[in-house]
Amino acid sequence: MITRFAPSPTGPLHLGHAFSALAAYDMARAAGGQFLLRIEDIDQTRARTEWEAQIYDDLHWLGIVWPEPVMRQSTRGAAYRAVLKDLFQNGFLYGCACNRRDILAAASAPQEGVEPPTGPDGILYPGTCRGTETALLPPGTPGIAHRLDMARAAMGSYAFTETGEGPNGESGEITFSAEAAVALLGDIVLARRDGFVAYHLAVVLDDAAQGITHVVRGQDLFEATRIHVVLQRLLGLPTPIYHHHRLIRDDQGKRLAKRDDARALAKYRTDGATPADIKRMIGL
């Protein structure tokens with residue numbers, strides 16, 4: 001068993017991160033496996049070296065150890081670009097110049113006043129640029145995002161094993177069809193307009209490169225797992241076992257975010273908390 005924790009160095013780790021990291025670490029140790037750390041710093045406009053250093057410090061304080069060197073997304077640009085180029089040349093990607101306002105307007109136009117369908121990434125893309133000259137622009141073109149043509153990419157039926165629980169209690173073998181992928185996921189972005197690879201492609205490639213066998217993460221990413229399973233088959237990569245866990249929420253029931261500095265691990269440490277205190281707070 002190989003698990004991982006993959007934070008972004010864009011802010012302090014909070015209680016939710018502690019839960020996810022400890023869950024993945026404990027699962028690997030219990031099985032006599034390995035826990036890996038990955039730094040998701042692909043977006044260099046937001047990543048900060050001080051936050052990366054804080055991640056290492058906080059995790060070590062929790063008693064978590066990992067082998068070196070740590071994989072960092074910022075070193076994997078060539079691997080991402082090669083896959084994007086291959087997908088584009090084989091007709092699975094197309095260029096898209098739409099911004100969020102364009103997508104909302106186009107998706108809402110057919111039935112004014114009716115909420116447009118949404119997927120894991122928000123409003124499903126209505127296909128505005130598909131079949132246009134923009135669609136023919138290759139990855140790396142300034143200001144152009146690249147989307148997966150889901151109707152072309154998805155085929156047959158899909159399945160993944162869930163050993164945790166989705167937000168609606170989903171567990172065990174989770175299946176879905178190619179038709180469901182088109183209807184529920186849409187043409188998701190794999191390369192962003194700003195030139196960065198999108199999360200969905202990066203995480204699939206990174207997990208495969210690290211040989212991750214069990215993905216441990218929050219329930220907020222459960223719906224995105226279908227995207228990852230489609231990409232894994234399309235790219236000929238193995239599908240890990242998934243374990244989605246409950247989210248740590250604030251007093252109002254909202255999921256913790258990096259802006260919740262009041263619940264940052266560093267603040268608890270400064271206030272005198274111990275790793276055992278943190279584990280009690282998050283129910284471990």
Side-chain angles (χ1 to χ4, degrees), residues 6-13 17 38-52 54-55 70-108 116 118-150 152-153 185-209 217 220-221 223-224 227-228 230-231 234-235 257-259:
S8 299
T10 56
L13 296 186
H17 293 113
R38 179 168 74 233
I39 299 297
E40 295 195 338
D41 62 344
I42 192 69
D43 188 344
Q44 288 288 291
T45 63
R46 299 175 60 228
R48 298 289 182 270
T49 56
E50 59 268 29
W51 290 127
E52 185 173 335
Q54 185 70 59
I55 287 170
V70 170
M71 176 182 280
R72 302 173 77 247
Q73 284 186 334
S74 56
T75 68
R76 289 181 42 74
Y80 302 145
R81 288 191 294 272
V83 171
L84 287 168
K85 180 180 179 181
D86 185 65
L87 288 173
F88 181 75
Q89 290 179 339
N90 284 285
F92 294 113
L93 278 190
Y94 63 90
C96 173
C98 299
N99 57 34
R100 290 185 181 182
R101 185 179 299 173
D102 297 332
I103 294 169
L104 177 59
S108 303
T118 60
D121 286 345
I123 296 173
L124 293 186
Y125 184 65
T128 308
C129 288
R130 195 189 302 118
T132 67
E133 290 187 6
T134 300
L136 302 177
L137 297 173
T141 302
I144 300 298
H146 279 77
R147 294 181 175 275
L148 181 68
D149 187 335
M150 189 63 74
R152 181 177 172 82
L185 307 176
D187 291 357
I188 51 116
V189 170
L190 295 187
R192 292 165 26 183
R193 297 176 69 196
D194 56 14
F196 294 118
V197 65
Y199 166 77
H200 298 303
L201 181 60
V203 73
V204 163
L205 294 177
D206 294 345
D207 283 342
R217 60 190 186 188
D220 54 321
L221 287 169
E223 297 301 332
I227 295 173
H228 303 162
V230 170
L231 289 174
L234 184 62
L235 299 173
K258 286 191 174 175
R259 60 182 175 273

Rounded to the nearest 0.5 Å, what separates atom CG in L148 from atom CG in L84? 10.5 Å
To the nearest 0.5 Å, what is the distance between OG (S8) and CZ (R38)? 10.0 Å
For R76, the side-chain hydrogen bond (donor to acceptor under 3.5 Å, both in side chains) test, sequence neighbours excluded, returns D206
When rounded to the nearest 0.5 Å, the distance separating CD1 of I39 from CE of M71 is 12.0 Å
Write down the atom of L13, the atom of P7, and the distance for their closest heavy-atom approach. CD2-CB, 4.1 Å
Note: I144 and A97 closest approach over all heavy atoms is CD1-CB, 3.8 Å
If you look at every heavy atom in A135 and C129, which pair is closest and at what distance? CB-O, 3.3 Å
Report yes if the side chains of E223 and T118 come closer than 4.5 Å at any heavy-atom pair, otherwise no. no
Looking at every non-hydrogen atom in both residues, tell me the closest pair between A202 and V197 and how far apart they are. CB-CG1, 3.9 Å
Within-4.5 Å side-chain heavy-atom neighbours: L234 and L87: yes
Can you confirm whether E133 is buried at CD, in the sense that more than 12 heavy atoms of other residues, nucleotides or ligands lie under 6.0 Å from that atom? no
With side-chain contact (heavy atoms from CB on, under 4.5 Å) as the criterion, how do H200 and D121 come out once you've worked through the C-alpha distance, each side chain's angles and the decisive distance to 0.1 Å? CA-CA 10 Å; H200 298 303; D121 286 345; 2.9 Å; yes
R48 side-chain N/O to T45 backbone N/O, donor-acceptor pair under 3.5 Å: yes
Is there a side-chain contact (heavy atoms from CB on, under 4.5 Å) between N90 and R152 once you walk through the steps? CA-CA 10 Å; N90 284 285; R152 181 177 172 82; 5.8 Å; no
Taking the side chain as everything from C-beta on, heavy atoms only, tell me whether L205 gets closer than 4.5 Å to L235. yes
Close side-chain approach of I103 to Y125, heavy-atom, < 4.5 Å: yes
Measuring from R147:CZ to L93:CG, what's the distance to the nearest 0.5 Å? 11.0 Å
Going from CD1 on I42 to CZ on R72, what distance comes out if it is rounded to the nearest 0.5 angstrom? 10.5 Å
Taking every non-hydrogen atom, the tightest pair across F88 and P139: CG-CD, 3.5 Å
Tell me, with the steps shown, if H228 and D207 meet side-chain hydrogen bond (donor to acceptor under 3.5 Å, both in side chains). CA-CA 10 Å; H228 303 162; D207 283 342; over 6 Å; no
Is any side-chain heavy atom of N99 less than 4.5 Å from a side-chain heavy atom of R193? yes
Ignoring hydrogens and angles, write down the donor-acceptor pairs under 3.5 Å from the side chains of residues 185-192, residues two or more places apart or on other chains.
residue: D187; atom: OD1; partner: M150; partner atom: N; Å: 3.0
residue: D187; atom: OD2; partner: Y94; partner atom: OH; Å: 2.6
residue: D187; atom: OD2; partner: R130; partner atom: NE; Å: 3.3
residue: D187; atom: OD2; partner: R130; partner atom: NH2; Å: 2.5
residue: R192; atom: NE; partner: D194; partner atom: OD1; Å: 3.3
residue: R192; atom: NE; partner: D194; partner atom: OD2; Å: 3.3
residue: R192; atom: NH2; partner: D43; partner atom: OD2; Å: 3.4
residue: R192; atom: NH2; partner: D194; partner atom: OD2; Å: 2.4

Are the ring centres of F92 and H146 closer than 6.0 Å? no
What heavy-atom pair brings Y199 and R217 nearest, and what distance separates the two atoms? OH-NH1, 3.6 Å
Look up atom OH in Y80 and atom CD in Q73, then write down how far apart they are to the nearest 0.5 Å. 4.0 Å
